There are 2 protein chains.
Amino acid sequence: MDKITVTGLPWAPPFAQGLVRDLRVRWALEEAGLPYEVRLIDGGERSSHEYRQKHPFGMVPAFEADGRWLFESGAIVHHIAADSEALMPPDRHDRANTVAWMFAALNTVDPPIQNLFAMDLQHGEEQWAKLRRPAAVDAVKVRLGALSAWLDGRDYLVDRFTAADVLMTTVLKFLRHTALVTEFPVLDAYVKRCEARPAFQKALRDQMADYARGAPVAA
Amino acid sequence: MDKITVTGLPWAPPFAQGLVRDLRVRWALEEAGLPYEVRLIDGGERSSHEYRQKHPFGMVPAFEADGRWLFESGAIVHHIAADSEALMPPDRHDRANTVAWMFAALNTVDPPIQNLFAMDLQHGEEQWAKLRRPAAVDAVKVRLGALSAWLDGRDYLVDRFTAADVLMTTVLKFLRHTALVTEFPVLDAYVKRCEARPAFQKALRDQMADYARGAPVAA
């Protein structure tokens, strides 16, 4: 891939810092050793007709390589991984398993976690959230329990570090305001193992540096 | 692929019939022209240690080809599509766009739809669901509006019918108990266009026939 650009946010409130999904793409690019630029875009640009041609839902990240655009963080990570042995094993069956865990991270593990995150961080004072929270926690625990059983005795989802671990780790990060991950020692060790990688550390540092530069001026 | 097996449920209650996710895999296999067998498995088998080695979350569908197992409906459809021009265009950029829309269907469009579905069909009488429903409907409409804008003037998500349409159509089907899709004429026409395909019709007919055979004996 020639020239790569990733879109991100100029700033995010503290509860969202480290969770915005361009982090996944930055991390994957660091693992793959590909140079890239980040373009920070504000809400006005995200809802523009021009940007919607690149990202139909008006979100970040969008990804440009060789003049072609791509959207959806899972798909962008998949696109990077397809050409990088650092993120996707060469064996056909291992590749299929990596893709299985990529979809599992985003369609089986992520949804109950996003529900709990929204309840706690965006709707915590609302009556429906208070009524629903115990069941939402249980739904998360069901998924974490199954994931923990799978990872018991394994370092990564598929034998070695892959793009699936990039997605799963960044999904589990949405629980950092709770003790749910640490209640499962296997998951806690897994997240720490993945987040200790230099590529993750660099991606996070760069994203946080962008927010520091973009922070609103205090009133 | 040599011998293919897909796991499904022996029966589902009427509100879930036509929505269980082995339908996606059956549809993709019909489009690809690949013969397959369906193995119907009950709750006891789904929670068994042996099945969890095939599907770590104990759900359907799981997929076996050439003696290797795969899980997660999006990943199984991706695996079938990767080798079938009926589901995935040959051009590299078109393939990346197809994968983008596959992830978008399952991680951007599906989550708010699943929330509304669960509220209406599984928790309709609960106070939290009554309080939260208006916002849940709004969240669905935001996604449907963006999707409708994209599909306006297009027959399919990516120029021609692909695996992404299999996923998107089966995601939108979870709104059949509402008028939300029909409120967007572009989406209504899109779903009808996809569901009119003989491969979808055959997959649905076969799934329903399995449930008819597996129906509990009336008391």
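None of these values were measured; they are calculated from a predicted model. Per chain, numbering begins at 1; letters A, B, ... match sequence-line order.
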Query raised in the report: Which atoms of Val109(B) come close to chain A, meaning under 4.5 Å heavy atom to heavy atom: side chain ones, backbone ones, both, or neither?
Result: side chain
Query raised in the report: Are Arg92(A) and Asp83(B) ion-paired here, with the side-chain N under 4.0 Å from a carboxylate O?
Result: yes
Query raised in the report: Highest number of heavy-atom pairs under 4.5 Å with chain A: which of His78(B), Gln114(B), Lys130(B)?
Result: His78(B)
Query - Shortest non-hydrogen contact between Leu131(A) and Leu131(B), atoms and distance - result: CD1-CD1, 4.2 Å
Query raised in the report: Which region of Ala104(A), side chain (C-beta onward) or backbone (N, CA, C, O), has a non-hydrogen atom less than 4.5 Å from a non-hydrogen atom of chain B, or is it both or neither?
Result: both
Query raised in the report: Listed by residue number, which members of residues 40-55 of chain B have a heavy atom under 4.5 Å from any heavy atom of chain A?
Result: Arg52(B), Gln53(B)
Query raised in the report: So which part of Asp110(A) gets closer than 4.5 Å to some heavy atom of chain B, the side chain, the backbone, both or neither?
Result: side chain
Query raised in the report: Closest approach of Ala146(B) and Pro56(A), non-hydrogen atoms and distance?
Result: CB-O, 3.5 Å
**Report entry** Where Asn97(A) and Trp69(B) come nearest, the two heavy atoms and their spacing
**Finding:** OD1-O, 4.0 Å
Query raised in the report: Given that the side chain runs from C-beta out, which part of Ala96(B) has a heavy atom under 4.5 Å from chain A: side chain, backbone, both or neither?
Result: both
Report summary line: Between Ala100(A) and Ala75(B) the two heavy atoms that sit nearest each other are CA-CB, 3.3 Å
**Report entry** Parallel, tilted or perpendicular: ring planes of Trp101(B) versus Phe71(A), cut at 30 and 60 degrees
**Finding:** perpendicular
